[in-house]
Amino acid sequence: MENPLLEIDKKWQKYWDENKVYQTSNDYTKKKFFGLIEFPYPSGNGLHVGHPRSYTAMDVITRKKRLEGYNVLFPMGWDAFGLPTENYAIKNNIHPKKVTKTNVARFKEQLQMLGFGFDWSREVNTTDQDYFKWTQWIFLQMFEKGLAYKTEMPVNWCLGCRVVLANEEVVNGVCERCSSEVIQKTQSQWMLKITEYADRLISDLDTVDYLPRIKAQQKNWIGKSHGAEIDFKVLDTDTVLNIFTTRPDTIYGATYMVIAPEHALVQEHKEKITNFEEVNDYIQKANRKSALERAEDKEKSGVLLKGLPAINPLTGKEIPIFISDYVLITYGTGAIMAVPAHDQRDYDFAKKFDLPIIEVIEGGDISKEAFTDTNKGILVNSEIINGFSVKEAINKIFEHLEKENIGKKKVQFKLRDWIFSRQRYWGEPIPIVFNEEEGYVAIPEDQLPLVLPDVESFAPKENGDSALAAAVDWVNTTSPKTGAPAKREIDTMPQWAGSCWYYLRYMDPNNKDALASKEALDYWLPIDWYNGGMEHTTLHLLYSRFWHKFLFDIGVVPCSEPYAKRTSHGMILGADGTKMSKSRGNVISPDEIVLKYGADVFRTYEMEMGAFEEAIPWSMDMLNGTSKFIQRVGRLVDKYDAKAADNKNLETIIHKTIKKVGDDIEKLKFNTAVSALRVFVNELSTLESISKNDFEVLLILFSPFAPHLCEELWHQIGNDSTIILADWPIYDETKMVEDTVKLPIQVNGKLRDVLEVKNGISEEEAFELALASEKVQKYANEENIVKKIFVKGKMVSLVVKK
RNA sequence: GCGGGCGUGGCGGAAUUGGUAGACGCGCUAGAUUUAGGAUCUAGUGGGGAGACCCGUGAAGGUUCAAGUCCUUUCGCCCGUACCA
């Protein structure tokens, strides 16, 4: 026999669809709630059970908001440009547009089986020209404001496939697909100046409600640090080696210097370096290592630049310069002064190369390790700053550096500008043309969207150009300014681009004249709640905040932060406790569950399976337990009696449950919310009959989790309209109070008895009852008590002499 | 290396933020019942002990009448990563 829940799913999904129950109103006078989840990348594998965890959570939240009378916007769309689709298209020679269409249809079907309250009339797709027209438009605004520029950047280059690889496509230094060697090659790339927004991206975090660990990750990724840039003369040359340090106070302890293998100094003074061959060899080796490999190498390596020492500007002494890959060309100036006594990395390096270690701050034991505590310690061996604390010494040194004109204060960020080009076909074309005379020229806005040309093959070219290069008629064009011959940009945008502003398009998805109308933006912004994966809380969040701030600066959006609140969920692992993946064969697809158990079981299980923010393995046994629970709720209707009076004995638990479920949903504690509902259902199961009011409270509270069953029962007990139009029940604190409470009695911190006492018992009464207890009397009496503690409503604690 | 997080029964997890550790489930045990169903109902279920009790939140110390929660030290695991000067 078929599971009756499956019929119920179909029946109500059809009803909701036909009656447009979840369609968002455009009445901008209503109180609003915009709940956002990360739109998925429609891969060929279909949805897996991890995706709906976030969707169900936000569906629960927005259903509660609807019941509370909000005008809810809960939309869905497709982040559909991207590598896997392109790779599939290349392999099978199908247009990526077609692949995308198929994948989207599959994803949508799977999502619709789950009964989410999405307003499908607002669906967006980043690959639609009506959508990416505005992605291109935003890029042009950035270009006009000087935030987009072109520069040479190193990229991963596969010698076999002859394509640029993403970091994730490089495994153990070789290409993931063909196992050929991967080298670093420079390539001209479009960049976005996100660094110009670094300070605001940090300081505006104070104005938003993100989980603390999300804020921490944003801050640490941007990585603001205060320090100094100092010039070191290179002996017998006109060159100065400019370094960045956060510890200018330790300069007297700088016994050598290190520059990154890519640093220009090496090539500049090739002739002077007597061991250039050895140096060059090291550079080649470093070149072959990926950034991650460099980071993982614990053993320090490097080569001395023989014949090219520098001068410590404070001590006047000659100090050697090394190249080593523990210094990164991408941070600071790509060069450091090494102070082995007070930096552990420098210490390790100095030990290995047997370099002098000079203590300049007293307080540690530098025979064992570097002393890096900046809060204590006094400067020594440092002529002009001897005797000062670290803090004082830093200020003194700044004065000196500026007076002598050899250095200055500097604020440094870890954050780098964003490489915005991809040498790929399946992305938004960058709307720029180039010729020698005019340089880079923007395509006029009225010519947007610039659509992808048709090509024979979607694969990148031998020289690394994208497949767009083959569309000769498309590439060869004229300058919109002068009409002179020009070539179109053949790079496309990264997948991040479309997802930087998608939330704005949901507000007004069909607007032809703007990315969204001013009225819609004013009404819906900021997003009230954005939930997504922890893996997107650095880059995607940062990039979209950056674009939003830019749009704010040019007057497009009314606020400087897009997301008022951001939370994140944990991963769902396979039953074996490891990450779900095709290769491990532990992937579970939601359809197989839904078609067997019904959507409500799936949804409720995902909400109660564990703590929402933690990773958790899938368990079929637990799922079966949820299934039994849902069936039990369904059977409860047999006890329903329209004529029964409300049960006075249920009052306390009803009000407690209303509070608990409501509070827990707001705190993302779905597991304990369902647990409270189970307690309530356990209680109802013991009754002979259940009144209309009592039953309706249960249905409304449970409906965000199990909307199909609750809708069905709601109608079975005589309601005509959808349950979503009901009101979320209000609890009454005064009705939550129990008549009696349990009062634990401790003696010397050990529990000795638990008394049932009337609620609100006084201190005197409590002590009296405690001492009257036989169990307590074994340990405590009036004579040996030295201290009595009473925590109102909580406990009694007695301290006795030993 | 750096950044973020996590360690509580056989398992998933609770614990009003310093106040009865193990809510609610899964699993298991025993019994009842049946239209043999991934059924239902009843009772039990952290460890030790007949018991009074004792021991228990990764480990070791500490603060406190009272510690899963606060403070030191330490071990292990997961995720991210750009050796961040």
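Reminder, nothing fancy here: chain letters follow the sequence lines and each chain counts from 1.
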Subject >> Sequence-distant partners of A:Leu769, side chain to side chain contact (heavy atoms under 4.5 Å, CB included), two or more places apart >> reply: A:Leu755, A:Val757, A:Ile761
**OP:** Supply the atom-to-atom distance A:Ile214 CD1 to A:Leu541 CG, rounded to the nearest 0.5 angstrom.
**Re:** 7.0 Å
Filtered N/O pairs between nucleotides 26-31 of chain B and protein, under 3.5 Å:
none

Show which side-chain atoms of residues 328-337 of chain A pair as donor or acceptor with protein atoms under 3.5 Å away, not counting sequence neighbours.
{"unit_1": "A:Thr330", "atom_1": "OG1", "unit_2": "A:Arg416", "atom_2": "NH1", "d": "3.2"}
{"unit_1": "A:Tyr331", "atom_1": "OH", "unit_2": "A:Ser225", "atom_2": "OG", "d": "3.2"}
{"unit_1": "A:Thr333", "atom_1": "OG1", "unit_2": "A:Asn242", "atom_2": "O", "d": "2.6"}
{"unit_1": "A:Thr333", "atom_1": "OG1", "unit_2": "A:Ala335", "atom_2": "O", "d": "3.4"}

Subject >> Contacts of A:Gln189 that satisfy side chain to side chain donor-acceptor pair (under 3.5 Å) - sequence neighbours left out >> reply: A:Gln423
Subject >> With A:Tyr210 via ring-ring contact (aromatic ring centres under 6.0 Å, His included) - residues at least two apart >> reply: none
Original post:
Using a heavy-atom distance cut-off of less than 4.0 Å, which residues of residues 657-667 of chain A contact RNA chain B?
Top reply: none
Original post:
List RNA chain B stems (3 or more consecutive Watson-Crick/G-U pairs, under 3.5 Å)?
Top reply: B:1-7 with B:75-81, B:10-12 with B:24-26, B:27-32 with B:40-45, B:46-48 with B:53-55, B:58-62 with B:70-74
**OP:** State which of B:U20, B:C24, B:U16 makes the closest approach to the side chain of A:Lys794.
**Re:** B:U16
**OP:** With heavy atoms under 4.0 Å as the rule, sort A:Glu614 into base, sugar-phosphate or nothing.
**Re:** sugar-phosphate
Original post:
Quick one: which of B:G19, B:A14, B:A85 gets closest to the side chain of A:Tyr331?
Top reply: B:A85
**OP:** List for me each residue that meets side chain to side chain donor-acceptor pair (under 3.5 Å) alongside A:Ser54, sequence neighbours excluded, and say none if there are none.
**Re:** A:Asn531
**OP:** Quick one: which residue pairs count as a side-chain hydrogen bond (donor to acceptor under 3.5 Å, both in side chains) with a foot in residues 612-627 of chain A, not counting sequence neighbours?
**Re:** A:Glu608-A:Thr626
**OP:** Could you list the residues that satisfy side chain to side chain contact (heavy atoms under 4.5 Å, CB included) with A:Lys735, not counting sequence neighbours?
**Re:** A:Glu651, A:His655, A:Asp732
**OP:** Could you check which of B:U20, B:A85, B:A23 has an atom nearest any side-chain atom of A:Thr672?
**Re:** B:A23
**OP:** Give one of base, sugar-phosphate or nothing for A:Ile789, where a contact means two heavy atoms less than 4.0 Å apart.
**Re:** base
**OP:** Kindly state each residue pair satisfying side-chain hydrogen bond (donor to acceptor under 3.5 Å, both in side chains) with at least one member in residues 778-800 of chain A, sequence neighbours excluded.
**Re:** A:Arg752-A:Tyr779
Original post:
With the sugar-phosphate defined as primed atoms, P, OP1 and OP2, and the base as all remaining atoms, what B/S/- string results for nucleotides 41-54 of chain B, 5' to 3', for protein heavy atoms under 4.0 Å?
Top reply: S----------SSS
